[in-house]
Amino acid sequence: MEYQDVIELAKRRAIFWPAFDIYGGLSGFFDYGPVGVLIKDNIINSWKNVFINVEGMVPIDSPNITPEEVLDASGHTKVFTDYITYCENCGEAYRVDELIKMKDPTFELKSYDYMVQRMQELDLKCEKCGGKLSKPEKFNLMLPTKVGPGKGKQAYLRPETAQGIFINFLTYLRYFRDTLPFGVVQVGKGFRNEIAPRQGLIRLREFNMAEVEVFFDPESLIWPGHYNEIFNDEVLLLPNDGREIRIKISESMENKIIKIQPIAYFIGLVQRFLINIGVDKNKIRFRQHYPEELAHYSKDCWDCEVKTSLGWIEVTGIADRNQYDLKQHSEKSGVLLVFKKKLDKPKYITRKRYVPIENEIKNIYGKEWKAVFEMLKNLEYNDKKPIYRNKEIDENCYRIEIYQEEIKTEDVIPWVIEPSFGIDRIFYSLLEHNLYRREESGYKVLGLKPHIAPFKVAVFPLMPKDNLDLKALEIYRMLKNSGITAYYDDSGSIGRRYARADEIGVPFCITIDYETLENDTVTIRDRDTTEQERIHINNIAKKIKESVEKCMMSI
RNA sequence: GCGGGUGUAGUGUAGUGGUUAGCACAGGGGCUUCCCAAGCCUCUAACUCGGGUUCAAAUCCCGGCACCCGCACCA
């Protein structure tokens with residue numbers, strides 16, 4: 001169905017709607033309602049099942065608010081702050097630094113005044129119409145905040161959850177007992193002060209993301225997942241040379257369209273995940289970024305795009321972040337985010353060290369001999385004479401020994417591959433792909449798979465009287481007690497209740513009728529076929545649980 | 001951010017200066033042994049916000065906000 005159909009249903013059935021409505025609203029923010037939250041949580045749970053349970057990665061939950069240093073190191077404060085100028089005639093927007101660099105490649109953004117001065121000196125005009133350009137405006141795509149009282153500490157709402165993973169690399173390396181590769185996942189919110197949010201859940205200023213950072217030994221870029229299971233999967237690839245090809249994962253690597261195994265693997269995995277939760281398999285493609293499109297941290301990136309009535313929208317990005325982030329944080333924090341890689345053969349380095357001579361030191365320094373002894377023993381060799389209490393130590397107190405130091409490991413910065421998912425966009429695509437109209441009656445049906453559906457079953461008394469309602473409530477409680485999300489409805493005719501359940505994607509409806517009172521059987525009706533069968537009430541929970549479990553992805 | 005369009009019950013809409021602001025669906029209550037939005041009775045419920053013009057504004061004008069379409073932006 002189309003965008004408008006989804007929005008209409010979403011508002012009417014409390015799935016999602018624009019936030020802050022009674023105060024006039026604020027563009028780029030949405031509320032998820034009772035039905036929407038359940039669906040969204042089910043998507044996230046399926047996602048966690050794939051990455052945590054199936055792939056063996058581990059989670060982290062790090063703060064939304066991030067101090068400035070972290071984002072200085074990651075490059076976000078710099079890259080996210082642009083100076084923009086607009087043509088006062090035609091409205092065209094330009095980034096000031098790029099405009100100046102076209103005429104003066106040596107230009108560096110030292111200060112606002114200098115930038116304005118250069119604009120005037122170079123007599124910059126609108127590229128399109130030659131119109132006058134406005135004064136540069138600062139535009140920061142991150143949302144700033146202050147932490148603490150008074151002046152406070154400059155911080156930002158995180159633009160991605162990834163940094164929380166990178167800065168904790170050493171903790172996770174230890175958790176994985178110093179073995180690479182491993183993956184860390186985070187589900188949480190990201191914040192970007194978009195210039196013009198549009199199209200509902202597609203471009204939000206506060207959005208749900210699920211990110212994966214996989215850390216590799218740079219010399220062994222292979223994810224030991226289930227490659228043999230997915231390498232026969234076909235995917236639609238759009239490499240940045242302009243081709244569009246449907247190809248097997250394995251062939252895409254043989255043909256060097258995808259250069260490294262983890263990207264190929266995650267492309268296959270992402271496709272399996274999306275199909276598993278109910279995205280139309282004929283509306284998925286993977287598009288490689290053009291060099292100029294790449295983020296500041298990335299060397300290669302493949303977007304997973306899903307086709308909707310709004311066009312192809314990016315729902316996942318698989319980025320080769322290489323060593324960028326760990327390198328940056330090592331440099332700025334002073335903590336080496338590296339792993340100690342065992343060398344095939346130990347290396348030997350010829351070094352010198354001081355060997356203290358105890359008796360001689362005792363003779364000269366008396367009671368203080370121990371301090372001098374220890375100092376010499378631990379002192380790194382250098383060409384200057386060692387000094388104690390501002391005086392050179394007598395040469396007889398030590399000798400200089402030449403020795404071979406054995407080096408068994410070297411510091412290696414891991415290589416990072418990042419599959420990053422936009423949950424809200426996936427959520428929207430899922431609704432659009434699964435919403436259809438019943439031919440006979442014309443009302444809407446949300447054909448969500450059982451593991452994604454907000455409720456697994458709806459319970460109806462045929463009529464709310466003659467004890468049918470009491471019996472129905474008893475069965476409803478029984479199902480809830482066995483861990484099934486169920487809902488009860490006795491309002492209006494039975495057909496109306498089926499329709500209401502269909503509209504929010506409930507896969508099964510059971511109806512309690514006069515026969516139930518006699519033999520404890522109910523009708524269970526399948527949403528997609530509308531067919532019903534009679535089953536005993538003791539078998540309801542089992543049947544529903546099986547249909548849900550059958551959907552959970554496994555490899 | 002620029003240009004254009006739109007804003008009426010929960011949803012979809014009618015209403016072009018004076019209407020008890022109409023209709024349909026949905027929703028609540030009731031009747032009907034009622035299995036696919038059945039029928040009947042009944043009730044609830046709306047003019048995006050602020051200012052202006054006018055005796056009188058949902059309606060005309062200005063501004064804010066939101067949404068839609070294009071452009072730009074989207075690390």
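Just so we're on the same page: letters track the sequence lines, and every chain starts at 1.
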Inset, instruction - Could you measure between the two P atoms, the one in B:rG1 and the one in B:rC49, and give it in whole Å? - result: 23 Å
Legend entry - Gap in Å between the two C1' atoms, one belonging to B:rC61 and one to B:rC67, rounded: 23 Å
Legend entry - Side-chain donor/acceptor of A:Arg205 to backbone N/O of A:Glu194, under 3.5 Å: yes
Inset, instruction - Considering only atom P, compute the distance from B:rG7 to B:rG12 and round it to an integer number of Å. - result: 13 Å
Inset, instruction - Give none if B:rA57 has no partner; otherwise give the nucleotide forming a Watson-Crick or G-U wobble pair with it, both distances under 3.5 Å. - result: none
Inset, instruction - Report the base-pairing partner of B:rG50 (Watson-Crick or G-U wobble, both distances below 3.5 angstrom), or none. - result: B:rC62
Inset, instruction - With heavy atoms under 4.0 Å as the rule, sort A:Tyr3 into base, sugar-phosphate or nothing. - result: sugar-phosphate
Legend entry - A:Leu71 backbone acceptor or donor facing A:Gln163 side chain under 3.5 Å: no
Legend entry - Candidates B:rC35, B:rU11, B:rA72 - which lies nearest the side chain of A:Gln532: B:rC35
Legend entry - Rounded distance in Å between the P positions of B:rU59 and B:rC2: 25 Å
Inset, instruction - Identify whether any heavy atom of A:Arg198 sits under 4.0 Å from a base atom; if not, whether one sits that close to sugar-phosphate; answer base, sugar-phosphate or nothing. - result: base
Inset, instruction - Determine which nucleotide pairs with B:rG3, using a 3.5 Å limit on both distances of a Watson-Crick or G-U wobble pair. - result: B:rC69
Inset, instruction - May I ask you to say what A:Ser27 touches in the nucleic acid, namely base, sugar-phosphate or nothing, with a heavy-atom cut-off under 4.0 Å? - result: sugar-phosphate
Inset, instruction - Would you indicate what A:Ser491 reaches in the nucleic acid, counting non-hydrogen atoms under 4.0 angstrom: base, sugar-phosphate, or nothing? - result: sugar-phosphate
Legend entry - Same-atom distance (P) from B:rC68 to B:rU8, integer angstrom: 14 Å
Inset, instruction - Once you apply the 3.5 Å cut-off to both distances, tell me the Watson-Crick or G-U wobble partner of B:rC23, or none. - result: B:rG12
Inset, instruction - Check if the side chain of A:Asp502 and the base of B:rC36 share a donor-acceptor pair of N or O atoms closer than 3.5 Å. - result: no
Inset, instruction - Report yes or no: is there a donor-acceptor pair, N or O only, under 3.5 Å between the side chain of A:Arg203 and the base of B:rC73? - result: yes
Inset, instruction - Classify the nucleic acid contact of A:Arg525 as base, sugar-phosphate or nothing, counting any heavy atom under 4.0 Å across all strands shown. - result: base
Inset, instruction - Say whether A:Glu68 and A:Thr77, considering side chains only, have a donor N or O and an acceptor N or O under 3.5 Å apart. - result: no
Legend entry - Nearest listed nucleotide, side chain of A:Lys465, among B:rU32, B:rC73, B:rC34: B:rU32
Legend entry - Closest-nucleotide 5' rank along RNA chain B - winner of A:Glu8 and A:Arg205: A:Glu8
Inset, instruction - Compute whether any side-chain donor of one residue and acceptor of the other, for A:Asn42 and A:His451, lie under 3.5 angstrom apart. - result: no
Inset, instruction - Could you check whether A:Leu294 gets within reach of a base, just the sugar-phosphate, or nothing at all, counting any heavy atom under 4.0 Å? - result: sugar-phosphate
Legend entry - Partner nucleotide, any strand, of B:rC40 [Watson-Crick/G-U, under 3.5 Å]: B:rG30
Inset, instruction - Please determine, by modelled atom types, if A:Thr521 and A:Asn519 share a side-chain donor-acceptor pair under 3.5 angstrom. - result: yes
